[in-house]
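Heavy atoms only: backbone and side chains are in, while hydrogens, waters and symmetry mates are out. Indexing begins at 1, ligand by ligand and atom by atom, following the structure's order.
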Amino acid sequence: MKVLIEPADRIKGRLAAPADKSISHRAAIFAAMADEPVLITNYLEAADTLSTLDAIEQLGALVERRSEGLMIRGVGLRNAQTPAKPIDVGNAGTLIRLLPGWLAGQEGSVFELDGDESIRRRPIDRIAEPLRLMGAAIEATDKRYPPFTVEGAKLHGIDYTLPVASAQVKSCIALAALMAEGPTTITEAVASRDHTERLMVNAGVKISRTGNELTIYPTDELTLPERIEIPSDPSSAAFAIAAAVLVPGSRLLVEDCSVNWTRSGFIEIAKRMGAVIITDLEERSKDGAIAQQEPLSDIDVTAGPLKPTTVSADEVPLAVDELPLIALMACFAEGRTRIEGAGELRLKESDRISAVVTALSNLGADAEATEDGLIVNGHGSLRGGQVDAAGDHRIAMLGVVAGLASQEGVEVVGVEAAAVSYPNFLEDIAALR
Ligand code: S3P
């Protein structure tokens, strides 16, 4: 599906952003691993997180839709059923990397996982290696791609340093650690989103963090709260925030959004570029303690002029899904913006370094790819043109925001890809014009 997004006069109003995708995936998987029923309210009803509900149902969990939310009755940590057919994760990278952590601990059972064309291009060796070290057997296509099988085993704890900053890989190992013999320590050079850790605290798991070293102790069962409320997704809210920053005369209030410090990199970088954003960001705890709650705040955004910036490797995981928006915003600043240490972007739903550079260049921007990031020479405005989402939800939404802020409008091809994380995106944007 193609849409033509005309330049906006302004972005104005209040936005209740959709539920957080990362937390929805995790809450459903945790509920499936629990013995007692859990009510999840405000679960994200988008393609990716619906794949997770299908997956946990195939593994034996019962998912009941109630007016107040999803009632999930899990199977317990060690009792996942073997599905009759392969688990199809669709487009969901988080699902295909987290779920094997749980499956690796199902002694004597074999599970097959597969996904769409984009998933089949994304390597899973980064989870296969630590899971093998813990005792599971993984057989992948060409040694590193889906479809692949996980053979559950009696696991043992490991000390593992993550070769890449990835919350997905960290979370996969952390889930396996729950069923292992002995503690597991995971070291990450750069902090990444910590929703799994917070849920573990809430589930009564013994878990501690010193600096960037995380230790998880095994447990017999998860004791989750009876109800888990999913907050709004800062990565989805970021699209409207960027539009409000870029379109002169705009004023946007995003209501009750997650401001977890491991997800707030986009707001920090945007503020550094000169964006006027007022919000109550959570601070990182100095002693490394893991917070229990997901912090919420309103986010108040006003349009204003921007300056270029440099985004460094240690900021990348805190803004990883929003870097395309930083690149777009850089087109409107005068001067050179550089994003460094973001090689991971090449392994997302598309190669997002080349996808962003192609999209922005087609709109008249001066953008170039580097091996691990990109450079944008901003000239204060963007002409417009055509963006092909090529199946990547965040590129589809990037095209829409670019259209709102452009001089001549943007035609977005394949805009339906947005439904992977944000099914009502076009309606929400239309309501803000
Ligand atoms: C996610 C982590 C990030 C992010 C993805 C969701 C998660 O991936 O890009 O959209 O829910 O853990 P990596 O941590 O692998 O970079």
Side-chain angles (χ1 to χ4, degrees), residues 18-30 43-44 46-49 51-52 89-102 115 118-119 121-130 162-175 186 188-200 212 214 230-231 233-239 258 260 262-266 294 311 313-326 339 341-353 355-356 372-373 392-398 417-418 420-422:
D20 193 89
K21 180 158 81 70
S22 289
I23 303 175
S24 292
H25 282 302
R26 286 160 171 79
I29 295 172
F30 271 73
Y43 188 81
L44 176 66
D48 257 23
T49 43
S51 296
T52 299
V89 305
N91 190 247
T94 303
L95 177 58
I96 209 164
R97 291 192 187 71
L98 263 61
L99 201 58
W102 180 29
S118 144
I119 278 288
R121 285 195 303 262
R122 301 177 66 188
I124 55 92
D125 45 353
R126 46 187 51 211
I127 58 161
E129 181 189 286
L162 294 177
V164 285
S166 164
Q168 294 180 346
V169 179
K170 172 178 68 175
S171 299
C172 174
I173 305 168
L175 293 181
I186 307 166
E188 46 181 0
V190 183
S192 62
R193 67 190 67 190
D194 67 357
H195 309 301
T196 302
E197 295 89 306
R198 290 182 197 226
L199 272 169
M200 285 188 171
N212 282 340
L214 189 67
I230 312 291
D233 194 321
S235 301
S236 298
F239 292 95
S258 164
N260 177 321
T262 63
R263 299 287 299 282
S264 301
F266 168 71
E294 293 288 343
V311 176
D314 56 346
E315 292 180 296
V316 164
L318 310 183
V320 66
D321 294 330
E322 294 76 72
L323 294 174
L325 287 169
I326 298 290
I339 299 177
E344 274 301 289
L345 287 186
R346 295 203 182 273
L347 302 175
K348 296 294 176 193
E349 287 82 334
S350 63
D351 172 346
R352 279 205 187 129
I353 293 181
V356 168
D372 69 346
D392 185 333
H393 57 131
R394 297 199 202 275
I395 300 298
M397 294 188 279
L398 178 78
V420 155
S421 60
Y422 198 158

Heavy-atom side-chain contact between Val316 and Glu344 under 4.5 Å | no

Sequence neighbours excluded, the answer for side-chain contact (heavy atoms from CB on, under 4.5 Å) partners of Ala28 is Tyr43, Thr52, Leu53, Ile56, Ile72

CG of Leu398 to CG of Leu325, rounded to nearest 0.5 Å, is 6.0 Å

Applying side chain to side chain contact (heavy atoms under 4.5 Å, CB included), run through Ile29 and Leu95 and close with a yes or a no.
CA-CA 9 Å; Ile29 295 172; Leu95 177 58; 4.3 Å; yes

_Side chain proximity check, Asp48 to Thr94, heavy atoms < 4.5 angstrom_ = no

Contacts for ligand 1, heavy atom under 4.0 Å, by chain and number, are Ser22, Arg26, Thr94, Ser166, Ala167, Gln168, Arg193, Val320, Asp321, Lys348

Heavy-atom nearest pair, Thr196 first then Ser171, reads OG1-OG, 2.7 Å

